[in-house]
Amino acid sequence: MVGVSHWQASGHPSRAAPAPVGRPLLSLTLAALMDDVHAHSGAVYLLAPGEPVLEMAVMAGLPRAFAAPWERVGLSAPIPVAEAARHRRLVWVGGEQDMARSYPRISVVLPYPFALAALPVATDRATYGAVFVTWPGAHPAELSDWERDHLTAACDRLATRLERAHERGQQVRPEPDLLSPAPIASVAGTLGTVEAARMVARLPYGLCALDLQGRITFANAASAELLGLPVSALLGTQLWASVPWLNDPVYEDRYRAALLSQQVTSFVALRPPSDWLSFRLYPSTNGLSVRITRARAVAREGRAAFQHGETGTRLVSISQVLSLAGALTQAVGVQDVVQLVADEIAPAVGSQGLVMLGSEAGRLHVLGQRGYPDPRELERFDGMPLSDPSPGTHALVSGVPAFFASRRELAHVYPEQRPAGDMAAWAYLPLIASGRPVGTCVLAYAEPHPFPADERAVLTSLSGLVAQALDRARLYDAKHRLAHGLQAALLPHSLPSLPGIEAAARYLPATQGMEIGGDFYDLVPTGARAEAAAVIGDVQGHNVTAAGLMGQLRTAVRAYTTVGQPPGEVMRSTNRLLIDLGTELFASCVYLRLDPAHGQLVMARAGHPPPLLRRPDGKVRVLDLAGGPLLGIDPDAVYPTTDVALPPGSLLALYTDGLIESRGVDIEDALAGLAELLAEIGDRPLDEVADSLVRHSGTADQRTDDVALLLLRARPAP
């Protein structure tokens, strides 16, 4: 059935086995429409039955391969034809820079000068699809009123016919694309007369004709000689497919550029081992004429002479763009984005300098730079108000990129601007993410650098990818600062100095998620005969809720300790508090009361990993204490206590399960390994011991859980 938008259409009764429409409705309408407005190419899309998807039903004027990435698109896709159907309005893209700025995904694939209009095919009752048409790059930047009227009227008529077909139960199927016929003809048939063919054969340069699909329909003897293949091997093939040394996407790209822009394009290619050939492509609406000559000047100067000159090829290939896009998705923080742009994008586009500027509170801020030996040269940009007249602020505020091929061009527009460093050309690219300005990327060049139209389009498209990555990175950095600030506020800033006890602690957040968790520790003086209380625990989860609950539990333990509750009662009180809070989270915990003067400690455990005790002789014992259930499960739970001897020189290690749990390692083996290491290094300074135990966990790069460690060493009596 004709695709009808279920989100806008009124209900129509379904019909079984609908009859097809009797004539090529879509093809005839599209051909007439393109002829009316002198468009170069176009396509009709129909909504897929029962799903918000547009499917290309017919294309005209160009091979469908040009629009292959968009043969089937979702209504929510950020492309003109989907936007036209979604919002039921005409969408106009006035040229190459407009496309790069508004639809960078299309501009990356088709960075050529052309204009495009997309319109909905809809009645008051339903949306049936959409149409787009394109014009060569010479089309004015604005759509004229008569073009707008003709386009709208034609799409309205098509929508009415589709609605009538739907009401009659007739099916509108996809139709053959409209391309000019391109038979593999004889020389006389191709050029019209035998005499004309003879004239072309006498020309001293190569001449061949390509159809819209890029197939060779005619080649004279000179072109065969220059290409190194007989005419019979060329006819019916694509130039870049039949000639091995032309099998490069760059050369095929020139054919696409010529057809879509309808402008003369050219490139220079090396025929091995040392012959340089110049190809000049003359497009028309039914194919291309290609003139092939020897490029003697290039042959003398070498390939570097035309690398950025007469070839006009794209500076960055599609495959490079996809690779850069993939790399940008992996950038985590702002400095990761700066590093990636400096290491991959700037060299790919030939830039020698980079400045990444962010926007915050109406001012620019330097996020990072490369290629400027003296960073002080960029200090004046840090904190610059967006109201200041400078190319960086203007690009960000206007959303329009600015390109200056030389210092003279920059001075002409911004006479007060003093360039930083020894750079001679600049591209100021606004970074716009989801319609919001997030910064400006400044690419600088050590030599004067012209920016042809296709290069500007590629740079503008890349800036869209960088903007998205930078926006994500800034959000990540903000969450990272929030997480670490919250964690630092909830954990003790330092451990108290206690007589007879030496202490050290470490906390490492999980490397996955928000990098914030529920692990906690504390060391609390009790004020009674130089005694102290120590606690370590782990609230379920590693998120803001777990961290907030961890702070409440730590405060509660301190309060219960201060009022003099014994260890078992502290655990029972904390358990009841956790249940009363109604969070449905659990917590494990070890709580102990230290009496270093008498070499004793009393411990209570609630479902927590057992502590390790290293005796003065170096032997390590796992304190597999009796205990109660996790906190927050049973309101009537009892937590028995155990007395443990702590002679001078003993070392007690309290830890959370993140220290011993790692993928593929048995928990018992991990605990035994931790005990062996503690036995080996336990006599070293306590901070060194703490660092070694944390490193031993082997989870520094891929921690799925946070880690807390509290070490307590009984000092010998003075």
Over 12 non-hydrogen atoms of neighbours within 6.0 angstrom of CG in D634: yes

So does [Y] get a backbone contact from the side chain of [X], meaning a donor-acceptor N/O pair under 3.5 Å?
X	Y	value
H608	Y655	yes
R614	L678	yes
Q352	G350	yes
D595	L601	no
D382	V366	yes
D336	G333	yes
T641	V602	no
Y639	P629	yes
T526	E531	yes
R474	V438	yes

V539, I633, L549 screened by side chain to side chain contact (heavy atoms under 4.5 Å, CB included) with L578, the one that passes: L549

Side chain to side chain contact (heavy atoms under 4.5 Å, CB included) partner of L429, the single match among T440, L443, V442: L443

Would you name the heavy atoms of [X] and [Y] that are closest together and state the gap between them?
X	Y	value
N575	G632	OD1-N, 2.7 Å
A503	L495	CB-CD1, 3.7 Å
A556	L577	CB-CD2, 3.3 Å
Y372	A444	OH-CB, 3.4 Å
A675	V620	O-CG2, 3.5 Å
P611	L652	CB-CD1, 4.1 Å

Check residues 354-365 and write down every donor-acceptor pair under 3.5 Å in which the side-chain atom is one partner and the other belongs to a residue at least two apart or another chain.
unit_1 : atom_1 : unit_2 : atom_2 : d
R363   : NH1    : G383   : O      : 2.6

Residue pair T561, D522: steps toward the side-chain contact (heavy atoms from CB on, under 4.5 Å) verdict: CA-CA 11 Å; T561 299; D522 208 352; over 6 Å; no

Working to the nearest 0.5 Å, report the span between [atom1] of [X] and [atom2] of [Y].
X	Y	atom1	atom2	value
Q335	L340	CD	CG	12.5 Å
L523	I501	CG	CD1	8.0 Å
S463	L470	OG	CG	11.5 Å
L431	R436	CG	CZ	12.0 Å
R506	S692	CZ	OG	10.0 Å
C441	L462	SG	CG	9.0 Å

Indicate yes or no: at least one non-hydrogen side-chain atom of [X] is less than 4.5 angstrom from one of [Y].
X	Y	answer
V337	L367	no
V638	R572	yes
L646	L712	no
R715	P596	no
V535	V590	no
P437	V397	no
Y428	T393	no

Partners passing salt bridge (charged side-chain N to carboxylate O under 4.0 Å, His left out) against R576 (at least two apart in sequence or in another chain): E569

Intermediate values then yes/no, side-chain contact (heavy atoms from CB on, under 4.5 Å), L613 and K619: CA-CA 8 Å; L613 177 63; K619 294 182 179 180; over 6 Å; no

Worked verdict on R593 versus D643 for salt bridge (Lys or Arg N to Asp or Glu O under 4.0 Å): CA-CA 10 Å; R593 190 68 57 85; D643 292 346; over 6 Å; no

Residue pair V53, R72: steps toward the side-chain contact (heavy atoms from CB on, under 4.5 Å) verdict: CA-CA 7 Å; V53 173; R72 180 179 166 90; 3.4 Å; yes

Pairing of R713 and D683 as salt bridge, 4.0 angstrom limit: no

Distance-only polar pair, side chains of Y521 and T656, donor-acceptor under 3.5 Å: no

CA sep, side-chain torsions, deciding dist, call: L686, L651, side-chain contact (heavy atoms from CB on, under 4.5 Å): CA-CA 9 Å; L686 210 55; L651 176 58; 3.5 Å; yes

